[in-house]
Visitor: 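Below you'll find the structure I mean.
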Amino acid sequence: MQSRRRATAPRLNPLALCLLGSGTLLAFAPAWAQSQAAAPQTQAMETVVVTGFRASLESALNKKREDRGIVDVIKAEDIGKFPDTNLAESLQRVPGVVIDRDAGEGRSITVRGLGADFTRVRINGLEALATTGGTDSSGGANRSRGFDFNVFASELFSSITVRKSASADVDEGSLGATVDLQTGRPFDFKRGWTATASAQGRYNDLSGKTTPRVAGLVSFTDESRRFGALMSVAYSERKVLEEGFSTVRWANGVSSQGLFATAGSDPAALAASNNAANFHPRLPRYGRLTHDQSRLGITSSLQFRPGENTLVSADLMYAKLEATRQEDFLQAISFSRTGTNGKPQTSVLQAVYDASGELVRGVYNGVDIRSESRFDELSTEFVQPTLSLEHDFSDTLRMSVKLGQGKSRFRNPVQTTTTLDANNVNGYSIDFSGNSRLPLISYPISVTELSAGGLGFVTAAAGAATVPATLVSSEIRIRPLGATNRNDNGQVDLSWDLVPDRYTLKAGLSYKRFVFDTFESRRTNEALMYAPPSGVAASSLTTTLTGFGKGLNLPAGVPTSWIIPNLGAIAAAYDIYCNCLKSGPAGGPGDFRLTSISNGSARGNNFGATEKDEGAYVMLDFSERVSSLPLRGNVGVRYVRTSQTASGFDSVGNGTPTQETQSYTDVLPSLNVALNLSRELILRAAAAKVMARPRLNDLNPGMSLNTANQTITAGNPNLKPYRAKTLDFNGEWYFSKEGFLGVGLFYKDIDTYIQSLRGSTRYGDTGLPLSSLPNSQNADTVYAITTPINTEGGSLKGIELNWQQPFKFLPGVLSNTGMQFNYTYVKSNVAYRDSAAGNASIVDNLIGLSPRSANVSVYYDDGRFSARLSTSYRSAFLTRVPGQNNNDVEGTNAAVNVDMSLSYDWDDRLTFTFEGTNLNNRAKDQFVSRSRNSPVVYNVTGREFLFGARYKF
């Protein structure tokens, strides 16, 4: 990073354009021209060339200042160097943007309280959707419209633009924002060759592992600037441990048809535990998740000028994210069970609840203990070729054509869970009194070795299809799945200067065809296992987890080691991936055949959708004067017709194909105006009608039936889109090249919203066949049903404050310091239906909305040494309304993240770098119930440090 005075000829070359931004150059061009007229052309002039972090701030401000709408911009600090190691983590520096993390890494964003499904992402000007998988607590496999930013390496991009106001020439589909990701192109750089390379080592202090991160870019432009070619490559690996405590959900004693056993219970403790006002964790467990990830990204770009008025650009974006994840838990499963194998076998010896109804401590008999291990292989491959043509027919008439296809292919070919079990254990205790997030759990059995009455393989008898009703079998779950998204895009835009520099008429046509497909398979009966094959010792099928809890400050007495299933050994011994009937009866423990459509538990995740969007717009850009003050902006209208076909399978027989179609049209007017009260002070206003289409998984016309959990999940292919009216007002003061003070007010009237409606009913009232039920259930068995519906929506309003300040007025070295600060407050009132209360409405915040968020970065940059310390804050937000199991809400608690970055320029070519992320080891802290704030997930992933160098050739 540099901020140096150099005696140079002031050439407006492409390198300066890249580093300073076109707005900076245009601002200085008149003064330069006057100087040139007054001085001989051979006279050398002294100019200030600012590079590095300060240059990126200046360039981003210039782009924001020039735009007719309300935008925020992030620019690369240098060639191949984005300000953060992850795109989502860079975006959280933008006012109103907060992020969700998976395995400690930014995955998705929320803009002004509107989550990932309300945010459109374009790569090189065309809409794209990249999806991957995550932990269940982070949303699992992405089968929706939300963009997973962790698929891409940040080094591949040169800028990000967050468009918060709508304009007619930008495709519909967003209630929150449109995010434009731009990769590098050869004409961005100087003539001849440009190249850079970087290498870093990444160290995680929880896993103790060091992994590589490398990137490189090479670009060539011929002397005539008729032809250019560019390629960039980025590769990284990441090995992370995620450790902590989780419960999955909290329930009261009467939920899920389950009451604690009378026999053997203390009467007072039993009464308290079966009181509907008191809640216990359904699956209390300590666990370790081991994440092993590699990420490859490649971009290429060819640019050609066949004539002075024509530019052809061909861009290719490729990314591949491969990962494995192993999840190991030591847990008590009885509290989540129903029927004969659940709480009716568990007696309560002691139970203490606080005033809010949360369990403080309890001691129980008849508890099933389980060591569970899940292993996933995950892969996302993204490819997007784009061809664009820009042609000037004359000085006043221009055309732009873009064609492209984006394809994201996510596969989870291995998702296998195996268990060790100990049934009906007496003396199990859990105590939250010392730490509400990390309880003391005591297991009255050895958890570090196979033993009689302790952890081991609970199996069905040879040739049997069941185990005794008083026992719960060990399990082998096999659930491969995948999802494919494909976007075909075509767009033509015309621009005609009616009055040059004052009025420009724009019009365009767009066509998008989006195809989505997802699948999943499972075993017919996952909850059965037979004894190890002859000659195979049970001990050979296990291994031991050690060293748990390094970053947690666990209560004394919590096990830090326990035995876990050895998946590799089990897979080899049982041949579990044969997709065959290995032994015994169909549906028995030796049946490893995978079924999908005919499997009630997997059927609902086999569906697809095809969507065609045909759009047209007309818009007028204008530049006028009002009382001698410059006024600019645009006004226009966009028309779009959406046609959807959703395909799935219902639960009749072995799955009957079903298909539903619908179409709807939207007319979306928009207005953006910017009034310059002075050169430095701008007032902006924007108004628009906007829409966002329903989540993909909500459009599923089929349903899934889970007899183990007694749940039915159904889609709704007739959902109408989210629709809203928006208003924005901004005041912006650009008081220096790097200095800015802004305030923004925004309001959204959401006319339609989509929520998941939950309720309970007798299975016999669903109309589904009784033949789908196991022998232990009948028509009177109560099932929880979830389905999406349109609701009346509500309002959202907020304020953004943004302050960027270089401290040049300070003495000495302090004059090289500066600060970035932003704060956002958002409030919403959205009506949710509550089926448990006769379809009454519950008014609450939007899902994913943090009422308060803030970011502060302080930096130092003297032209050779640069340092930056950044802190981001996000207040608590909701993830589900109403909550499950008789809870009001579910959500995630407030979080603070601290990151830092250092760099030192050895010379003009070599830079040494050191970065730290998550320096405060912030925990993922999810909760259920506003009044209790009971823990659902409390996990840490450790601090990460990156050290390395970058070289410019």
Side-chain angles (χ1 to χ4, degrees), residues 76 79-82 84-90 102-107 121 123-124 128-134 141-142 147-158 160 181-185 195-204 209-219 229-240 291-302 314-325 376-386 404-414 482-486 915 917 944 946 948-951:
I79 303 170
K81 187 182 188 304
F82 221 70
D84 293 274
T85 58
N86 175 280
L87 290 177
E89 287 157 12
S90 285
D102 184 47
E105 184 178 46
R107 179 180 179 184
V121 176
I123 298 178
N124 296 329
L129 178 59
T131 64
T132 187
N142 185 351
F147 190 93
D148 288 333
F149 287 90
N150 56 338
V151 172
F152 300 98
S154 61
E155 293 94 334
L156 302 176
F157 297 91
S158 59
I160 299 179
L181 307 178
Q182 182 64 53
T183 60
R185 285 174 167 170
T196 184
S198 64
Q200 291 178 304
R202 184 204 304 261
Y203 173 77
N204 181 279
K209 303 291 186 181
T210 301
T211 53
R213 182 184 180 103
V214 296
L217 177 146
V218 60
S219 177
L230 176 147
M231 176 173 282
S232 66
V233 180
Y235 175 80
S236 65
E237 296 178 5
R238 190 166 181 257
K239 296 181 185 294
V240 177
H291 304 268
D292 192 342
Q293 177 191 92
S294 67
R295 178 166 45 213
L296 172 66
I298 301 173
T299 73
S300 64
S301 179
L302 298 175
D315 301 292
L316 177 66
M317 177 82 200
Y318 174 85
K320 187 163 189 178
L321 178 68
E322 294 186 300
T324 62
R325 182 179 65 246
D376 285 74
E377 293 180 2
L378 309 108
S379 173
T380 294
E381 189 171 38
F382 177 89
V383 181
Q384 179 180 288
T386 304
Q405 180 189 87
K407 185 174 182 181
S408 174
R409 183 179 183 272
F410 166 66
R411 293 294 182 266
N412 192 173
V414 176
T484 301
N485 298 278
R486 194 185 78 197
E915 299 171 63
T917 60
E944 291 192 306
L946 294 91
R950 187 174 63 257
Y951 190 82

Visitor: First locate atom OG1 of T183, then atom CD of Q384, and finally report the distance between them rounded to the nearest 0.5 Å.
Guide: 9.0 Å
Visitor: Got a second to check how far N150's CG is from N86's CG, nearest 0.5 Å?
Guide: 7.0 Å
Visitor: Go through the structure and list residues passing salt bridge (charged side-chain N to carboxylate O under 4.0 Å, His left out) with D315, not counting sequence neighbours.
Guide: R185
Visitor: The criterion is side-chain contact (heavy atoms from CB on, under 4.5 Å); which residues satisfy it with E237, sequence neighbours excluded?
Guide: T211, P212, Y235, S294
Visitor: Quick check against the 3.5 Å criterion: does Q200 have a side-chain atom that pairs as donor or acceptor with the backbone of L946?
Guide: no
Visitor: How long is the gap from OG1 on T380 to CG on N142, to the nearest 0.5 Å?
Guide: 9.0 Å
Visitor: Using modelled atom types and a 3.5 Å cut-off, is there a donor and acceptor pairing between side-chain atoms of S408 and backbone atoms of N485?
Guide: no
Visitor: So how far is it from H291 NE2 to D102 CG, rounded to the nearest 0.5 Å?
Guide: 6.5 Å
Visitor: For D292, which of R325, K239, K209, E322 qualifies under side chain to side chain contact (heavy atoms under 4.5 Å, CB included)?
Guide: K239
Visitor: Check for a donor-acceptor pair, side chain of R107 on one end and backbone N or O of T132 on the other, with a separation under 3.5 Å.
Guide: yes
Visitor: May I ask you to test the L87-L181 pair for a side-chain heavy-atom distance under 4.5 Å?
Guide: yes
Visitor: Salt-bridge test for E944 and R238: reply yes if a basic N is under 4.0 Å from a carboxylate O, no otherwise.
Guide: yes
Visitor: Please confirm whether the backbone N or O of S379 pairs with a side-chain atom of N412, one donor and one acceptor, at under 3.5 Å?
Guide: no
Visitor: Checking A234 now: which residues fulfil side-chain contact (heavy atoms from CB on, under 4.5 Å) with it, not counting sequence neighbours?
Guide: A153, E155, L156, A215
Visitor: Can you name the residues that form a salt bridge (charged side-chain N to carboxylate O under 4.0 Å, His left out) with E105, not counting sequence neighbours?
Guide: R295
Visitor: Would you check, one step at a time, whether the test ring pair (Phe, Tyr, Trp, His ring centres under 6.0 Å) holds for Y318 with F152?
Guide: CA-CA 9 Å; Y318 174 85; F152 300 98; over 10 Å; no
Visitor: Verify side-chain contact (heavy atoms from CB on, under 4.5 Å) between R950 and T196, making sure each step is shown before the conclusion.
Guide: CA-CA 7 Å; R950 187 174 63 257; T196 184; 3.8 Å; yes
Visitor: Quick one: does F382's side chain get under 4.5 Å of I123's, heavy atoms only?
Guide: yes
Visitor: With sequence neighbours excluded, tell me which residues meet ring-ring contact (aromatic ring centres under 6.0 Å, His included) with Y951.
Guide: F953
Visitor: Using a 4.5 Å cut-off on heavy atoms from C-beta on, say whether the side chain of L316 contacts that of V383.
Guide: yes
Visitor: If you compare all heavy atoms of L302 against all heavy atoms of A229, which two are closest, and at what distance to 0.1 Å?
Guide: CD2-CB, 3.6 Å
Visitor: Report the distance from atom OG of S90 to atom CZ of F149, rounding to the nearest 0.5 Å.
Guide: 10.5 Å
Visitor: Side chains of L230 and T299: closer than 4.5 Å at any heavy-atom pair?
Guide: yes
Visitor: Considering residues at least two apart in sequence or located in another chain, which fulfil the side-chain contact (heavy atoms from CB on, under 4.5 Å) criterion with A141?
Guide: R143, F410, L481
Visitor: Are any side-chain N or O atoms of T386 and backbone N or O atoms of G404, one a donor and one an acceptor, separated by less than 3.5 Å?
Guide: no
Visitor: Quick one: OG on S198 to CZ on R213, what's the gap to the nearest 0.5 Å?
Guide: 8.0 Å
